[in-house]
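Notes follow once the structure below has been shown.
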There are 2 protein chains.
Amino acid sequence: MTDENELKSERTRLRRRHDRGAYDRESVYAILDATPLCHVGYMLEGAPAVTPTFQWRMGDRAYWHGSSASQALRASEAMPVCLTVTLFDGLVLARSAFHHSANYRSAMIYGTAVKVTENAEKKEALKAFVEGLYPGRWEELRPITEQEVKATTVLSMPINEASAKVRTGPPGDDEPDYALPIWAGVLPIGTAIGDPIPDPRNRPDVSMPESLKAYRLDKQDRN
Amino acid sequence: MTDENELKSERTRLRRRHDRGAYDRESVYAILDATPLCHVGYMLEGAPAVTPTFQWRMGDRAYWHGSSASQALRASEAMPVCLTVTLFDGLVLARSAFHHSANYRSAMIYGTAVKVTENAEKKEALKAFVEGLYPGRWEELRPITEQEVKATTVLSMPINEASAKVRTGPPGDDEPDYALPIWAGVLPIGTAIGDPIPDPRNRPDVSMPESLKAYRLDKQDRN
């Protein structure tokens with residue numbers, strides 16, 4: 001298949017050569033859109049480092065950001081990185097230790113981190129990030145200043161060399177083990193979103209945005 | 001301070017030189033014990049790669065495992081790695097885009113991955129992993145076979161060069177912005193554990209272990 005929606009490359013094929021792999025854009029995008037949290041791997045002083053941060057997607061690129069003073073971002077710029085997003089969906093209890101597992105969805109993107117250098121483009125990217133998390137919020141906020149834009153580094157990478165890995169469903173035990181009197185099954189794990197906690201310093205006349213009262217982290221769950 | 005409980009090293013000090021950092025063992029252990037999910041960074045074909053997997057702690061070492069055929073484990077053995085555990089605790093909404101943030105707890109451990117080579121030691125480590133997740137379960141399972149132990153690679157690393165980073169609490173806005181009529185606060189995020197889903201192939205005479213009915217992922221919440 002030579003579809004432009006195919007993300008398979010020699011490297012990702014090598015890296016995800018086992019079962020559970022998917023290389024289509026929809027699978028990868030669904031995972032990126034499900035949570036902002038990601039882990040970015042980069043080289044720091046000759047050794048790999050993994051930093052948690054938030055990512056967001058604009059079309060076929062993934063973005064992340066931080067303080068311009070961030071060592072992690074400085075070390076990532078123009079360098080090979082790996083951005084991984086994982087949703088932990090369940091614990092899988094089998095009849096043997098060996099077949100215990102986890103249900104999860106994970107996307108890995110490999111590539112070179114590119115710094116967004118134009119302030120206008122950086123501002124647009126930051127707006128997309130805020131609007132992606134909290135639709136409508138950007139216009140309600142105190143406007144971002146040029147100094148704040150300058151103090152922020154935004155990195156991005158194309159989503160070309162990427163793969164998704166998903167496990168769902170019950171344990172897969174060795175056939176004879178199904179006869180054993182051992183409880184097996186799945187303990188579902190999910191993300192819980194609690195009631196918003198207003199800042200004690202909120203003005204008495206401000207009310208909580210309706211959109212936060214039934215907040216959904218997964219963008220694809222919001223419609 | 002030159003306490004043996006201090007984990008500070010030149011590298012972690014460099015890496016976590018900003019606020020929010022902690023370098024004591026208790027802070028790092030509390031995060032490792034709160035969830036099995038971690039992200040391991042390693043070098044693969046000359047570029048960093050980040051793979052989600054489960055970790056567990058035995059004393060002052062962190063362990064992770066997988067199939068002996070795993071490319072990630074083969075590439076990590078005897079090489080520098082970074083193991084990061086992150087708990088995403090909340091979205092922090094400020095009055096300016098710039099001060100939006102996240103509440104989280106994160107631990108990073110740097111070091112060299114060491115393969116557990118002795119089968120007896122490997123089996124003990126796997127038992128500790130299963131028992132750490134599901135106390136009492138190891139003895140209830142179909143015993144692990146020598147072949148299964150051989151088919152599993154267990155890696156470990158000392159928790160010496162490590163740090164924790166934690167953010168809690170309300171947003172920190174610029175002082176003049178507190179006067180603005182903009183809602184600010186925290187949207188708490190947590191891990192939800194659903195009701196166990198029995199394997200449809202469970203024998204009719206097996207019942208769900210009591211310990212799974214009110215399961216706690218965080219080991220420090222179990223007492």
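In this text, all values refer to a predicted model and were calculated from it rather than measured experimentally. A note on names: the letters A, B, ... follow the listed sequences, proteins ahead of strands, and every chain is numbered from 1.
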Under a 4.5 Å cut-off applied to non-hydrogen side-chain atoms, are [X] and [Y] in contact?
X      : Y      : answer
A:L187 : B:P196 : yes
A:W183 : B:P198 : yes
B:L141 : A:I182 : yes

Region of [X] that comes under 4.5 Å of a non-hydrogen atom in chain B:
X      : result
A:V186 : both
A:P36  : side chain
A:A94  : backbone
A:Y178 : both

Select, from [options], the one with the greatest count of heavy-atom pairs under 4.5 Å involving chain A.
options                      : value
B:L83, B:L180, B:L93         : B:L93
B:G90, B:A97, B:P143, B:P170 : B:A97
B:V149, B:D195, B:V92        : B:D195
B:M43, B:E140, B:E148        : B:E148
B:L37, B:D205, B:D177        : B:D177
B:P188, B:A151, B:G185       : B:P188

query: Rounded to the nearest 0.5 Å, how far does CD1 of B:I189 lie from OG1 of A:T35?
result: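 One gets 7.5 Å once the value is rounded to the nearest 0.5 Å.
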
Considering all heavy atoms of both residues, which atom of A:A47 and which atom of B:P80 are nearest to each other, and what is their separation?
->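 Taking A:A47 first and B:P80 second, the nearest heavy atoms are CB-CB, 4.0 Å.
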
- Shortest non-hydrogen contact from B:S106 to A:P52?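 Closest approach of B:S106 to A:P52, heavy atoms only: OG-CG, 3.4 Å.
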
Q.
Would you call the rings of B:H39 and A:H39 parallel, tilted or perpendicular, taking 30° and 60° as the class edges?
A.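 Plane angle under 30°, so parallel.
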
Do the ring planes of B:F88 and A:F54 sit parallel (below 30°), tilted (30 to 60°) or perpendicular (above 60°)?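 Ring orientation of B:F88 relative to A:F54: perpendicular.
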
Item to complete: Under the salt bridge (charged side-chain N to carboxylate O under 4.0 Å, His left out) rule, what do B:R201 and A:D173 come out as? Steps first, then yes or no, please.
Response: CA-CA 10 Å; B:R201 294 188 64 184; A:D173 267 304; over 6 Å; no

For chain B, which candidate among [options] shows the most heavy-atom pairs at distances under 4.5 Å?
options                       : answer
A:L212, A:V130, A:V40         : A:L212
A:T191, A:L91, A:L133, A:L217 : A:L91
A:M79, A:R137, A:M208, A:K127 : A:R137

query: Within the side chain of B:R203, is there an N or O that forms a donor-acceptor pair under 3.5 Å with the backbone of A:A179?
result: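 Checking the backbone N and O of A:A179 against the side chain of B:R203, a donor-acceptor pair under 3.5 Å is found.
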
*asked:* Between B:N202 and A:A184 (side chain of the first, backbone of the second, donor and acceptor by atom type, cut-off under 3.5 Å), is there such a pair?
replied: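 Yes, the answer is positive, given that a donor and an acceptor are paired below the 3.5 Å cut-off.
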
| request: Count the heavy atoms of every other residue, nucleotide or ligand shown that sit under 6.0 Å from NZ of A:K219, and state whether that count exceeds 12. | output: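 For A:K219, atom NZ is crowded (more than 12 foreign heavy atoms under 6.0 Å).
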
B:K122 atom NZ, neighbour heavy-atom count above 12 within 6.0 Å
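Enclosed: over 12 neighbouring heavy atoms sit under 6.0 Å from NZ of B:K122.
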
Exercise. Could you walk me through whether B:L126 and A:F98 pass side chain to side chain contact (heavy atoms under 4.5 Å, CB included), step by step?
Key: CA-CA 9 Å; B:L126 294 170; A:F98 191 72; over 6 Å; no

Are B:F129 and A:H100 an aromatic pair, judged by ring center distance below 6.0 Å?
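Centroid distance A:H100-B:F129: not below 6.0 Å, so no.
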
query = Salt bridge or not for A:D174 and B:R142, using N-O below 4.0 Å?
reply =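 Salt bridge present between A:D174 and B:R142.
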
